[in-house]
Protein chains: 2
Amino acid sequence: MKTADPELMRAINRFNVLDTIRRHGPISRVEISERSELSTTTVSAITASLLDDGLILTRHEGDIRNAAARGRPRVMLELNPDAARVVGAKIAANRMVFVVTNFRGEVLSELTLPIRVDRQPIAVIADLIEDGVRRCVVDADLSLDEIDSICIGLPGVVEHRTGHVRSSPIFREIGVDFASEMTSRLNVATIVESDAHAITLAHHWFGRARDLDDMVLVSLEQTLGLGVLHGGQLFRGAGGLSHNLGDLVLGVGQSQTVRLSTLAGESAILGEHPMDGRFAEAVRLGRGMAHAQTLIAAEDNALIAAASRAGEAIGLAVANIVTLFGPPRVVIVGSSLSLGAVFVESIRQAYQSAIPPSIRTVAELVFEESADETWAQGAAVVALCELYESPWGTTGPAPAL
Amino acid sequence: MKTADPELMRAINRFNVLDTIRRHGPISRVEISERSELSTTTVSAITASLLDDGLILTRHEGDIRNAAARGRPRVMLELNPDAARVVGAKIAANRMVFVVTNFRGEVLSELTLPIRVDRQPIAVIADLIEDGVRRCVVDADLSLDEIDSICIGLPGVVEHRTGHVRSSPIFREIGVDFASEMTSRLNVATIVESDAHAITLAHHWFGRARDLDDMVLVSLEQTLGLGVLHGGQLFRGAGGLSHNLGDLVLGVGQSQTVRLSTLAGESAILGEHPMDGRFAEAVRLGRGMAHAQTLIAAEDNALIAAASRAGEAIGLAVANIVTLFGPPRVVIVGSSLSLGAVFVESIRQAYQSAIPPSIRTVAELVFEESADETWAQGAAVVALCELYESPWGTTGPAPAL
DNA sequence: ACCAATTTTTCCCCAACACGGATTAATTCA
DNA sequence: TGAATTAATCCGTGTTGGGGAAAAATTGGT
């Protein structure tokens, strides 16, 4: 158990204030005080310290209240975009996407490398990532030592605390200490996180879950991932490891177990279709799902059947997740959504039939095929979250007296 | 977000100290200081306050260290058993069990009522519970106004925060405000909790998870329940509601969903056997599973098949739970375990085949058919946990200056 | 142009907390 | 009996957040 010093108290309140400023745009001290239920005195002290550290800025325009308000006008506070810069990366089997963002999580530069990396040796993948990061940083007119932190999001089971990759479809090896590998290569603190967790935070900050502190996200990419937001924070299993939705088992027949990934993974769906030249080409380029969508539109029955079967399986899995976590909203993202309405409707129907009546009204399903950039941005947000809570904020009120 | 006063700080440290004393028996101040990483000064202040409030006692004997230790001997501290008394109850379809415990969770009196209550109207059930509580309290030579809190554990989906029972197999109605019903009847603060959560805490305090702060418990009674301990606390879904394992869906056949409860619930297993007189009688008395065990021992093939099928389904579900929560240990309890080795082995096998290789070593499975009394004791622990954190502890160091 | 009213922000002081160092208490060993 | 040793407490310091008063910065009215 961590002891409760005054320091901890301070850290908590400081984080709350900073987070409130981040969420609610330019905001005055009084409003922070109302939202965070801290006294105006305390808010004033904390914001003074934050201003001192250059984490936030004042702005004298933009008081949204009725313009004809009496009294001293409010001074609006907002995050200082230049307080930090981070790199976020999404590594998928057939592409890598990098972004550099500022302290607000706004994208400064973006780089997509349509390279197939799965089944390459670790060293090659690390090389490619290193190059991508360096390139993207240069594109943002920065140098690497101006970067405060890096987060790499990749599919699979990742131990967040240690940066240990238990297993990933893009690695041949299992049990890779990827965080320290990249940290020593780039000489910048690098953390590794599951791609599903990254996109979960992205939706919490910018996307479909901005208003919620509790929700569940299901990602349907090559790998099936899961992110659980609980009390405004990522819920990480014991030991800090991420979940892998594809590892769930569904089947129960004659002692036959079927893993969700073999039922609803990308290869499971596309495998239903004979791989003629154009299709194979599309899959290779990572456009397999989009191409499948055109085939479905042309009433390719095999694919339609595959898509709806996959949707069914996913709908059941989502119902199970809701049964366990009871979130008010489930955000479903990923490239598989480009299969179109057949797929989505099949998920919805299976979900409806599988969700127990007593909690049928608890959760709403939201679908959105997030852009690649958003995934990388999510990774950047993971890095920013760490910065927010870092001892960096321990700039006490008396640093050099 | 809750604001971080000095008061919160105090509450946290106070709770830590109290919890350390509870866990580690009679313990000296220095050892508390080591375990909790608080300074001896602080520990001394907090224990003084706890002594003042009568929550703990000093004991001068029993310094376990080498008897020939130099220096001032340590004063051992332990929970004051008489600091509070609570009632815990387990309500099942065919029996109700009550216990009165002291502040340490030790049972002072126990009462089992082998009454079938399911499908009775709420008022009747409430009547029976009220009687049971009163009776059990009298058995402990106490009167109701000496009871500080009551917790009732029952199967189903319960909203802990509000005491709202969303659905329960023992109620005909859904959405029952049971906590306030019982509170007004007994005139003692009464909370309602899922029975699975209760037994989870029981195992955390006294049973197979004493050494762990993270674990998962699966209860196989008439209802299939789940309890997740995360960071030493019950993990309650968003909105504080409990999970119902039986609501998980497993099957994916021809758009046919199979709920776990219909595969592995008590009635699903026993329903396989023709209900002759003796068997029906045993089931009525809640000894159905034990009787089934004797039939299995006599090689009743239908039942053996049913048991192993049920075990398979449960094994899969457990594998899914481990995939999601990654606990170091899964404790499996409940009356269904009396089906015997066929059942347990079937669970183990299905689990082994379903658990993904990357996390095969994460969790160990532990089976234990807990006694009825333990369930009720668990409910008592739920009540005690609330007391531990209550503002009752807010007896500041300067109460009446 | 000036003063009153109003609202935001800061300044000053207090209570509570954890903690470090010195002090006192209670024991064993020589 | 006294020295050594270990446990527990007392006292002073620095931190925190909060309440109330004062200062600051504006608008509205006369």
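Only a predicted model underlies this, so the values are computations on that prediction, with no experimental measurement involved. Chain identifiers are assigned alphabetically (A, B, ...) following the order of the sequence lines, protein sequences preceding nucleic acid strands; residue numbering begins at 1 within each chain.
When heavy atoms are screened at a 4.0 angstrom cut-off, A/Ala4 is found touching the sugar-phosphate backbone but no base atom.
Rounded to whole Å, atom C1' of C/dA18 lies 9 Å from atom CD1 of B/Ile46. Between the CG atom of B/Asp5 and the C1' atom of C/dA18 there is a distance of 16 Å, given to the nearest Å. Atom pair A/Glu37:CD and D/dG17:P shows a separation of 15 Å (rounding to whole Å applied). When rounded to the nearest whole Å, the span between CD1 of B/Ile32 and C1' of D/dA8 equals 12 Å. Between the CD1 atom of A/Ile27 and the C1' atom of C/dT8 there is a distance of 14 Å, given to the nearest Å. When rounded to the nearest whole Å, the span between CG of B/Leu38 and C1' of C/dA16 equals 15 Å. For the pair A/Arg14 CZ and D/dT15 C1', the computed distance is 14 Å after rounding to whole Å. One can place CG of A/Asn16 at 11 Å from P of D/dG17, the figure rounded to the nearest angstrom.
The base of C/dT8 lies close enough to the side chain of A/Arg72 for a donor and an acceptor atom to sit less than 3.5 Å apart.
In terms of phosphate contacts, B/Arg70 brings no side-chain nitrogen or oxygen within less than 4.0 Å of OP1 or OP2 of D/dA4. Remark: B/Thr42 is not in phosphate contact with C/dA18, judged by side-chain N or O atoms under 4.0 Å from OP1 or OP2. The phosphate of D/dT16 has neither OP1 nor OP2 within less than 4.0 Å of any side-chain N or O from A/Asn13. At the phosphate of C/dA16, neither OP1 nor OP2 sits under 4.0 Å from any side-chain N or O atom of B/Arg10.
There is a side-chain donor-acceptor pair under 3.5 Å between A/Glu386 and A/His160.
Between A/Val30 and B/Thr41, the residue anchored closer to the 5' end of DNA chain C is A/Val30, taking for each the nucleotide with the nearest heavy atom. Residues B/Thr40 and A/Ser44 each lie close to DNA chain C; by heavy-atom proximity, the contact nearer the 5' end of the strand is made by A/Ser44. For the pair B/Arg29 and A/Ala45, both in contact range of DNA chain D, the more 5′-proximal nearest nucleotide belongs to B/Arg29.
Taking the charged nitrogens against the carboxylate oxygens, A/Asp213 and A/Arg23 do have a contact shorter than 4.0 Å, which makes a salt bridge. A salt bridge links B/Arg104 to B/Glu106: at least one charged side-chain nitrogen sits closer than 4.0 Å to a carboxylate oxygen.
Side-chain proximity of B/Pro6 to the nucleotides D/dT15, D/dA8, D/dG17 is greatest for D/dG17.
Ring-plane geometry between B/Tyr388 and B/Trp205 is classed as tilted, the angle between the planes lying from 30 to 60 degrees on a 0 to 90 degree scale. Using bins of under 30°, 30° to 60° and over 60° for the plane-to-plane angle, the ring pair B/Phe235/A/His230 lands in the tilted bin.
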